[in-house]
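Below: the structure, in structure tokens.
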Amino acid sequence: MTSVIPKGLSEQVSALAGGEVSSRALVERALDRIAGTQGTLNAFRRVRAEAALREAEEADRLLAAGRRLPLLGVPIAVKDDTDVAGEPTCFGCCGEFPPKTEDSEAVRRLRAAGAVVVGKTNTPELGQWPFTEGPAFGETRNPWNPDYTPGGSSGGAAAAVAAGLVPAALGSDGAGSVRIPAAWTHLIGIKPQRGRISTWPYAEAFNGITCNGPLARTVEDAALLLHAASGNRPGDLHQPPPVDVLSAVRRDPGRLRVALSLKPAFTGTPKQLDPVVRAAVLRLAERLAALGHEVVEAELRYGVGVGLSFLPRAMVGLWEWSANVPDRALLDVRTLTAVRHGRLLGGRPLRLARAVEEPLRRRVGEIFSRDGDGDGDGDGDGDGCGFDVVLSPTTATPPLRIGALTKLNGWHTDRAVIAACPYAWPWNVLGWPAVNVPAGFAGEGGTLPLGAQLLGPANSEPRLISLAAQLEADQRWYERWPTGV
């Protein structure tokens, strides 16, 4: 067997199938890397060392017997809002949570594909913020520069993948919580179509705004994890038609019309696109044009309804999930305020928030429609833009400093969060796919990663993945790793 441990998910799958490395060796390396960085990066809330080694040995027996599965024997991590049998699901909160008796549907599918879950990664309380810090576990730091956050709320998952502790991880995205940390740690992060990956044991998560999605260093690895985790079970409220994400990685996207959109949705709070982020997104736009795509500046028509739809759904989701917390008195005062608001926004406000979603899809979808009325039927009722993809910033700023928002009250935290991350959350309201791609670096020494997102209409993951893979082949982001980890 080789003494060189392959780092990528697809590479590890291939090496395992070819007998070049054992699952036990891969899992031991992952566990060693986790232990060696826990005091600095602090990416994990729970580590399943003994269980993971047992599962690795079973994977090696299956491999020796000629069994082949999409992820057989590879170590991965999942965010600590996802149920793993035998482990508590704390979702960033303090307190003694009981261990779960069953895997979530997404974890069940990953295990069925042969993956070994080595642990559960850190997330802020109830996944509220684009920084991963809290009294329950401390501060999760960015492998590229430990003075800065890896983002959130899937910050632990992003830090683990960026530092090479695991080749890929499953996060969740309710307002950019996969894409924001992917942007700030130089990763591919996919928010798939709502329902693409089941959120069971919840029929839907946070009233439909949250979905699960992969974080990885390459488009191929992210697509492989997405493929393995995808699927539904009876009771899921959202069950989109299947799409082929694996072949999309190697398929030429063709010549696409790309809308360059730099204007965020209306929030009524101050925000400004940092010039260094703007320049990074424009550089990617230039590369897309050089690759043969038509790139045109065109803004998304969100209107005020997108924010009015998001807020009640998010707040009510916080209130509902807080019922799982053993002792609410241990929650951050900002969380308690949000929970109280959520209790007030249930009922009619929530129903109204859900009711405007379809009109919002029609309005925003005009940018993709050939006929302009958002239904794509070609009847010529409107002034269709006919774009295939939208390119926009993932965040408005580079990564934030550790502790920058820790001591702020709820209102000032919300304003700071919106100012830094105003671009990702509208796609959660719409339920459509989005992919973060690396867009360069900022800061002294170039240690602060930046990202841009490719946005598409319903069920457009294959197109977005194909375009991201083309960009990746041109930019070769995966060749650059953080130093000192």
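Reckoned from all heavy atoms, side chains included, excluding hydrogens, waters and symmetry mates.
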Review point. When you measure from the side chain of Q38 to the backbone N and O of A35, does any donor-acceptor pair fall under 3.5 Å?
Key: no
Review point. In this structure, are over 12 heavy atoms from other groups packed under 6.0 Å from K263 atom NZ?
Key: no
Review point. Backbone N or O of I197 within a donor-acceptor pair of the R109 side chain at under 3.5 Å?
Key: no
Review point. Cut-off 3.5 Å, side chains only: do T395 and T397 have a donor facing an acceptor?
Key: no
Exercise for review: Using the ring-ring contact (aromatic ring centres under 6.0 Å, His included) rule, collect all pairs that involve residues 387-426, keeping only residues at least two apart or in two chains.
Suggested key: F310-W425
Point to revise | T447 (side chain) donor-acceptor with G443 (main chain) under 3.5 angstrom | key: no
Practice item. Just say parallel, tilted or perpendicular for the rings of Y302 and W427, cut-offs at 30° and 60°. Key: perpendicular
Review point. How would you list, by chain and number, every residue that makes a salt bridge (Lys or Arg N to Asp or Glu O under 4.0 Å) with E320, sequence neighbours excluded?
Key: none
Review point. Parallel, tilted or perpendicular: which fits the ring planes of H186 and F441, with parallel below 30° and perpendicular above 60°?
Key: tilted
Review point. Is a donor on one side and an acceptor on the other found under 3.5 Å between the side chain of W144 and the backbone of T185?
Key: yes
Check your understanding: Is the side chain of S14 donor-acceptor paired with the backbone N or O of E11 at a distance under 3.5 Å, no angle test?
Key -> no
Check your understanding: Within the side chain of T37, is there an N or O that forms a donor-acceptor pair under 3.5 Å with the backbone of T40?
Key -> no
Practice item. Looking only at non-hydrogen atoms, find the nearest pair between A223 and I190 and report the distance. Key: N-CD1, 4.4 Å
Practice item. For the pair T413 (side chain) and N409 (backbone), establish whether a donor and an acceptor sit closer than 3.5 Å, ignoring hydrogens and angles. Key: yes
Review point. With distance as the sole test, does R194 use its side chain to make a donor-acceptor pair with the main-chain N or O of V429 at under 3.5 Å?
Key: yes
Revision key, fill the gap. Residue set satisfying salt bridge (Lys or Arg N to Asp or Glu O under 4.0 Å) with R278, at least two apart, ordered chain then number -> none
